[in-house]
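So the structure is just underneath, and the comments pick up after that.
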Number of protein chains: 2
Amino acid sequence: MIRLLLADDQALVRGALAALLDLESDLEVVAQVGRGDEVVEAARASGAEVCLLDIEMPGLTGIDAAAELRRELPGVRSLIVTTFGRPGYVRRAIEAGASGFVVKDTPARQLADAVRRVHSGLRVIDPDLAAESLIDGPSPLTGRERELLTYALDGSPVATIAARVHLSEGTVRNHLSAAIGKTGATTRSEAARIAQDRGWL
Amino acid sequence: MIRLLLADDQALVRGALAALLDLESDLEVVAQVGRGDEVVEAARASGAEVCLLDIEMPGLTGIDAAAELRRELPGVRSLIVTTFGRPGYVRRAIEAGASGFVVKDTPARQLADAVRRVHSGLRVIDPDLAAESLIDGPSPLTGRERELLTYALDGSPVATIAARVHLSEGTVRNHLSAAIGKTGATTRSEAARIAQDRGWL
DNA sequence: ACCTCACCGTGACACCTGTCATCGAGTGGG
DNA sequence: CCCACTCGATGACAGGTGTCACGGTGAGGT
């Protein structure tokens, strides 16, 4: 009997996944949480062996939750289950110590198998995403560039961004210009979108 | 026995919802599709009585699929099940003839009840969303403004948008300026984001 | 010690963007 | 019929934006 923890901010999806996995005779959902920062505590209390983690969650990212699990409960394995198969996500998930990465597009019947493999110590990674993540390479963005791009995501004017990070307007423009060059974009909005698509933010 | 059709582009979520609903003794999932433009055909072939429709789907929106169902198979009821509880979505869903609107944040155990109510002819609408949708009013955007805003969503330069719709650059700027005023924004990117949040696109 | 690189800043320049005034054509309601 | 509204367009202007050149600091590697 493999003991599972589910972390997803959408209650309906969480409950549905629980129903799906409980159909398997060798799987048992022992905990469910809707926030990233509740994962470790719930995992400890429930004695979960495998944690299925969504990435977009309030409190803490699924990837960050996987890193925390690695530190606090090294015996627990984590499997990222997410909507967005962004190349950078795969890389960061593996670096955070996750044992698997599955997108929500995969057929439902394959999920239980992925869980079993992760539980037995194998790595489960979507082959297409692994390839993309390799050819793409790691993020070329510096810390500042990444930070400023996240603020540029909604199309804020440079002045607003500069005020938010307490920097000169010219400096912000320069960092963003560098980011635009690295992403191959022509405007900061486009650069921000591209960076997000690749999981660089 | 209520016969259900599930439409959601994420196979895992679709399968999980099927597992969840099949646990109920009076419900039966008789069809599953991953595209909006396959809904009507599948509903006809399977004899579904209630269709659970996601909004974001390839081919056709869940809302548009509900409208098509209304026309082609008036006896079939539709229940929108979506991630985003945008006020404009609720309004458009009801206008399209949907009988219910539920966000994926709601507890899993409430879904089956929602399905039963819809099947018995009642309307099921998230009360918070209904209120928001009322105070918000309908979209103030004209057709052109809405169209141009969708192209502005990714931060494209005005010149690119103008070329795409075969309009003068100045005209595009004027329409976008109007949209910026109506949304209370200061840039077209912000206006586009606000309009999308309210379900005006 | 030297080099590299990320970081912060200034100034200048060409270009893009948002706003406003103004025009004409078409549509539908009172 | 006239009015209100949308749509398309032009021109002009202030201000925002992207790029480049240049300078300076500090951390880390050789």
Side-chain angles (χ1 to χ4, degrees), chain A residues 88 91-92 95 136-201, chain B residues 88 91-92 95 136-201:
Chain A
R91 171 179 301 268
R92 276 157 54 197
E95 286 171 359
D136 230 56
S139 167
L141 301 175
T142 69
R144 269 301 192 204
E145 285 160 6
R146 195 180 58 246
E147 182 189 5
L148 296 183
L149 273 186
T150 62
Y151 290 131
L153 260 178
D154 56 3
S156 305
V158 172
T160 306
I161 302 178
R164 179 128 57 146
V165 294
H166 306 294
L167 283 180
S168 143
E169 213 168 305
T171 302
V172 171
R173 278 214 299 262
N174 282 342
H175 282 304
L176 287 177
S177 185
I180 290 171
K182 288 177 183 176
T183 52
T186 55
T187 66
R188 64 178 183 290
S189 301
E190 194 189 350
R193 210 177 36 75
I194 291 175
Q196 195 182 42
D197 276 354
R198 302 201 184 152
W200 290 350
L201 303 184
Chain B
R91 173 179 299 269
R92 277 156 55 196
E95 286 170 0
D136 229 56
S139 167
L141 300 175
T142 69
R144 268 301 191 203
E145 286 161 7
R146 196 180 57 246
E147 180 189 6
L148 296 183
L149 274 185
T150 63
Y151 290 132
L153 261 179
D154 56 4
S156 305
V158 171
T160 306
I161 303 177
R164 180 128 56 145
V165 294
H166 307 295
L167 284 179
S168 143
E169 213 168 305
T171 303
V172 171
R173 279 213 298 264
N174 282 341
H175 285 303
L176 288 177
S177 185
I180 289 171
K182 289 176 182 173
T183 51
T186 55
T187 67
R188 64 179 183 289
S189 301
E190 193 189 351
R193 210 176 36 76
I194 292 175
Q196 195 183 40
D197 276 355
R198 300 198 185 155
W200 290 350
L201 302 184

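Numbers restart at 1 for each chain; the letters A, B, ... are given by sequence-line order, proteins then strands. As the structure is a computational prediction, the values presented were derived from the model and not from experiment. Any value given below was found using the heavy atoms of this structure, including those in side chains, with hydrogens, waters and symmetry copies removed.
Taking atom CZ on Arg173(A) and atom P on dG11(C), their separation rounds to 12 Å, with Å as the unit. Straight-line distance from the NE2 atom of His175(B) to the P atom of dC20(C): 16 Å, rounded to whole Å. Arg144(B) has its CZ atom 16 Å from the C1' atom of dT27(C), to the nearest Å. Atom CG in Leu176(A) sits about 14 Å away from atom P in dG9(C), given to the nearest Å. Taking atom CG on Leu141(A) and atom P on dA6(C), their separation rounds to 11 Å, with Å as the unit. For the pair Glu145(A) CD and dC8(C) C1', the interatomic distance rounds to 13 Å; values are reported in whole Å. Separating the CD1 atom of Ile161(A) from the P atom of dC8(C) is a distance of 14 Å, rounded to the nearest angstrom. Between the CD atom of Glu169(A) and the C1' atom of dG15(D) there is a distance of 11 Å, rounded to whole Å.
Comparing Lys182(B) and Thr187(B) by the nucleotide of DNA chain D whose heavy atom lies nearest to each, the residue mapping closer to the 5' end is Lys182(B).
Proximity of Thr142(A) to the phosphate of dC7(C): a side-chain N or O atom is located under 4.0 Å from OP1 or OP2. Using a 4.0 Å cut-off, no side-chain N or O of Ser177(B) falls inside it from OP1 or OP2 of dG18(C). Regarding contacts with the backbone of dC8(C), every side-chain N or O of Ser168(A) stays at 4.0 angstrom or more from both OP1 and OP2. Between dG18(D) and Thr186(A), no contact under 4.0 Å exists linking OP1 or OP2 to a side-chain N or O.
Proximity of Trp200(A) to Thr183(A): side-chain heavy atoms (C-beta onward) are separated by under 4.5 Å at one or more points. Between Arg193(B) and Gln196(B) there is no side-chain heavy-atom pair separated by less than 4.5 Å. Residues Thr187(B) and Ile180(B) form no side-chain contact, since every pair of their non-hydrogen atoms from C-beta on lies 4.5 Å or further apart.
Tested against Arg188(B) for a side chain to side chain contact (heavy atoms under 4.5 Å, CB included), the candidates Leu148(B), Leu153(B), Leu176(B) yield a single pass: Leu176(B).
Side-chain atoms of Thr171(B) lie closest to dG8(D) of the nucleotides dG18(C), dG8(D), dT19(D). The side chain of Leu167(A) approaches dG9(C) more closely than any other nucleotide in the set dT19(D), dG18(C), dG9(C).
The distance from the CZ atom of Arg144(B) to the CG atom of Leu167(B) is 4.5 Å, given to the nearest 0.5 Å. The OG atom of Ser168(A) sits 8.0 Å away from the CZ atom of Arg173(A) when rounded to the nearest 0.5 Å.
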Kindly indicate, with the supporting measurements, whether the criterion salt bridge (Lys or Arg N to Asp or Glu O under 4.0 Å) is fulfilled by Arg92(B) and Glu95(B). CA-CA 5 Å; Arg92(B) 277 156 55 196; Glu95(B) 286 170 0; over 6 Å; no
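The rotation axes computed at either terminus of the helix from dA1(C)-dT30(D) to dG30(C)-dC1(D) lie 40° apart, taking five pairs at each end and rounding to 10 degrees.
Not a single donor-acceptor pair, N or O on each side, falls under 3.5 Å between the base of dT6(D) and the side chain of Asn174(B).
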